[in-house]
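Since the structure comes first, as structure tokens, the remarks are kept for the end.
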2 protein chains.
Amino acid sequence: MSLSIKDIARLSGVSTATVSRTLSAPEKVTRQTREQVMQVVEEHGYRVNSMARNLRRQRADSVLALVPDLGNPFFSAIFAGIQDRLSQAGVDLLVADNRSLHPSGRSVLSQLRDARADGLICLDGGFSDEARRELAASGMENRVVFACEWPMAGGFPSVRSDNREGMRLAIDYLAGLGHRCIAYCAGPAGNVLNIERRAGAQEALAAHGLTLPDSRVFEGDFSLQAGEKAAQVFVEMAERPTAVICASDQLAMGLIHGLSKHGIHAPRDVSVMGFDDIITSAYFLPALTTIRQNRLGLGVEAATVLLDLIDGKSVPRDHVVTLPVSLQIRASTAVPR
Amino acid sequence: MSLSIKDIARLSGVSTATVSRTLSAPEKVTRQTREQVMQVVEEHGYRVNSMARNLRRQRADSVLALVPDLGNPFFSAIFAGIQDRLSQAGVDLLVADNRSLHPSGRSVLSQLRDARADGLICLDGGFSDEARRELAASGMENRVVFACEWPMAGGFPSVRSDNREGMRLAIDYLAGLGHRCIAYCAGPAGNVLNIERRAGAQEALAAHGLTLPDSRVFEGDFSLQAGEKAAQVFVEMAERPTAVICASDQLAMGLIHGLSKHGIHAPRDVSVMGFDDIITSAYFLPALTTIRQNRLGLGVEAATVLLDLIDGKSVPRDHVVTLPVSLQIRASTAVPR
DNA sequence: TTGAAAGCGCTACCAC
DNA sequence: GTGGTAGCGCTTTCAA
């Protein structure tokens with residue numbers, strides 16, 4: 001066991017109150033006392049016990065990030081952003097997978113009720129009613145912010161990319177290249193990002209006098225596998241699109257990979273675009289033309305909003321921070337044959 | 001503020017001691033009392049305050065995972081494994097980036113001293129002497145386990161892939177294909193994985209009567225960029241190797257990408273192998289022949305060892321768990337021209 | 001500016 | 001089997 005504040009008080013000949021002040025509000029203590037105490041503190045490498053401090057202050061000094069799947073590398077950059085911002089504030093980052101349960105069978109969300117975290121950054125828009133209830137019960141409804149995804153029903157601050165604008169950039173670019181028959185390779189049906197992106201694509205297409213019939217939508221999810229499956233659908237189409245805009249980079253990679261097995265090559269035979277700009281996209285063959293999302297920024301902004309919330313600053317219930325996206329033109333797109 | 005144990009005690013007509021027992025050692029209480037208490041607990045949705053419990057028990061019920069770079073998607077799968085195992089034990093996962101500092105300027109490692117975490121899973125073998133000292137000061141030296149990487153100097157339990165065997169599999173396969181002039185695309189010079197893999201390759205090469213002269217080693221790090229740089233070196237070689245084994249999949253992708261810019265294609269002109277089997281490898285073009293590491297397993301095993309350590313079970317100081325790797329033959333390798 | 005002391009919410013010891 | 005209670009290590013009034 002290491003030293004406690006009592007030991008430091010005794011060793012430096014002051015009260016525990018003074019030690020506490022020296023450490024957390026040095027200006028409330030004379031310079032002499034401060035130096036005297038600090039010397040003992042340093043000499044013994046004393047550290048405040050955060051469990052005790054937190055109990056007393058009713059604060060956990062940590063924040064929980066909830067993801068649909070911790071194993072999905074897509075989230076790494078967002079985590080990096082979150083942690084970057086939090087560490088500046090001396091707040092810890094707890095991560096959990098939404099699917100995992102506490103041994104007691106309770107959802108991870110109940111950690112909030114356990115007073116283990118001061119707030120929640122949720123990266124999973126598929127927020128069940130039960131989760132919402134759990135949140136309400138924890139008295140934490142106003143210490144939640146969504147990042148990247150968000151719940152369709154709203155009700156929480158959220159930080160997101162400008163998904164519609166991203167699709168507009170993509171479609172404008174493709175249309176500018178001369179494509180008139182453009183397909184959409186979709187993410188999970190109920191997913192808010194997919195819905196938003198699809199709507200964005202449709203809108204932008206309409207602006208060019210183009211349409212997106214259901215027959216030109218490949219249903220799936222955001223995965224590489226789904227992209228590969230879409231390739232199967234593609235080759236069986238009577239009238240093949242000259243370009244496909246995908247709801248994610250992984251879809252685009254899977255699709256290009258799948259198509260190549262049928263001798264169909266991007267961009268020679270079909271232009272393929274992704275969305276996200278994940279790390280490997282620029283090195284894919286062909287390098288992926290895509291819409292860049294600032295995932296690090298998403299994390300930083302979400303953490304910033306949450307920190308404000310925790311500090312009691314007022315943030316409108318439906319506050320939305322929208323981060324810009326950008327078009328990355330690379331090698332997977334070209335003028336139609 | 002939510003209800004405390006006192007409220008529950010009052011509401012159910014028993015003492016706080018009994019409520020506590022009911023919740024954490026139900027068998028020590030009569031069935032009747034238990035039911036009586038549980039009803040009140042459920043009715044009010046009472047949850048034990050973990051800050052108070054932890055202070056009292058001198059346990060944080062959480063574990064810290066330290067990575068060299070949170071933004072590196074390579075770690076996601078390991079995190080998933082760690083969290084999976086931890087959640088079974090009701091232990092939380094705290095993540096931190098080794099580069100980030102607490103606002104006070106202290107390293108994140110000092111969190112251990114703060115009593116915020118019961119143990120540490122370190123994914124960064126580049127463990128400084130200072131870090132080691134910090135650890136010693138925290139009285140936590142025996143609650144640390146390394147995963148994936150490990151410190152060269154040893155001294156801690158570690159969970160790792162069978163890196164040498166991986167390289168043996170790779171070289172045997174390449175040699176079997178008929179390659180005699182094989183290059184090694186290296187990771188960071190001081191990195192233990194790189195050292196191990198390079199040594200493994202050299203050993204295996206020797207077994208085939210082959211050598212790995214320094215001129216056939218492309219120095220770099222594990223990144224895509226480094227792979228692309230290696231391509232530059234490759235094209236300038238007088239005698240070009242017919243195969244390159246890379247220290248990571250990202251290196252292999254970067255290399256293949258870079259080479260393709262010079263009209264050199266894998267596997268037609270050169271066979272390229274990776275190491276890791278990251279998620280996009282199977283979908284790369286050409287699909288990457290690689291050595292598969294069980295990253296999820298690495299996480300699970302590391303968490304298991306750490307949980308044992310925390311439980312006070314004795315684990316030898318230099319205990320090593322080695323996980324098997326496997327050869328994934330795909331499309332980036334072929335017989336030499 | 002400093003100290004005494006209450007108390008954050010819980011667990012575990014001891015007594016019954 | 002149950003209750004009373006000390007005390008985990010800290011912060012923060014209140015009084016001096």
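Note on naming: letters A, B, ... go to the chains in the order of the sequence lines (proteins, then strands), and numbering restarts at 1 for each one. Owing to the predicted nature of the structure, the values given are computational and were not obtained by experimental measurement.
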Please state how far atom [atom1] in [X] lies from atom [atom2] in [N], giving the value in whole angstrom units.
| X | N | atom1 | atom2 | value |
| --- | --- | --- | --- | --- |
| A:D7 | D:dC8 | CG | P | 11 Å |
| A:R59 | D:dT12 | CZ | C1' | 16 Å |
| A:K28 | D:dT13 | NZ | P | 8 Å |
| B:R10 | D:dG4 | CZ | P | 14 Å |
| B:M51 | C:dG7 | CE | P | 18 Å |
| A:R31 | C:dT2 | CZ | P | 13 Å |
| B:R116 | D:dC8 | CZ | C1' | 17 Å |
| A:I8 | D:dG9 | CD1 | C1' | 12 Å |

How does protein contact run along nucleotides 10-16 of chain C, one letter per nucleotide 5' to 3', with B for base contact, S for sugar-phosphate only, - for none, heavy atoms under 4.0 Å?
BBBB---
Within 45 degrees of the ring normal and closer than 6.0 Å to the centroid, is that where the cationic atom of A:R295 sits relative to A:F74?
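Yes, a cation-pi geometry.
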Between B:R59 and B:D311, does any side-chain N to carboxylate O distance fall below 4.0 Å?
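B:D311 and B:R59: salt-bridged.
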What is the distance from atom OG of A:S12 to atom CD of A:E35, rounded to the nearest 0.5 Å?
13.0 Å
To the nearest 0.5 Å, what is the distance between CD1 on B:I8 and CG on B:L23?
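Here the interatomic distance stands at 8.5 Å.
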Does D:dT11 have OP1 or OP2 under 4.0 Å away from a side-chain N or O of A:Q58?
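For D:dT11, neither OP1 nor OP2 has a side-chain N or O of A:Q58 closer than 4.0 Å.
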Residues that A:D318 engages under salt bridge (Lys or Arg N to Asp or Glu O under 4.0 Å), provided they are two or more places apart
none
Donor-acceptor pair between A:T304 and A:R85 side chains, under 3.5 angstrom:
yes
So which one's nearest nucleotide on DNA chain D is more toward 5', B:L55 or B:S15?
B:S15
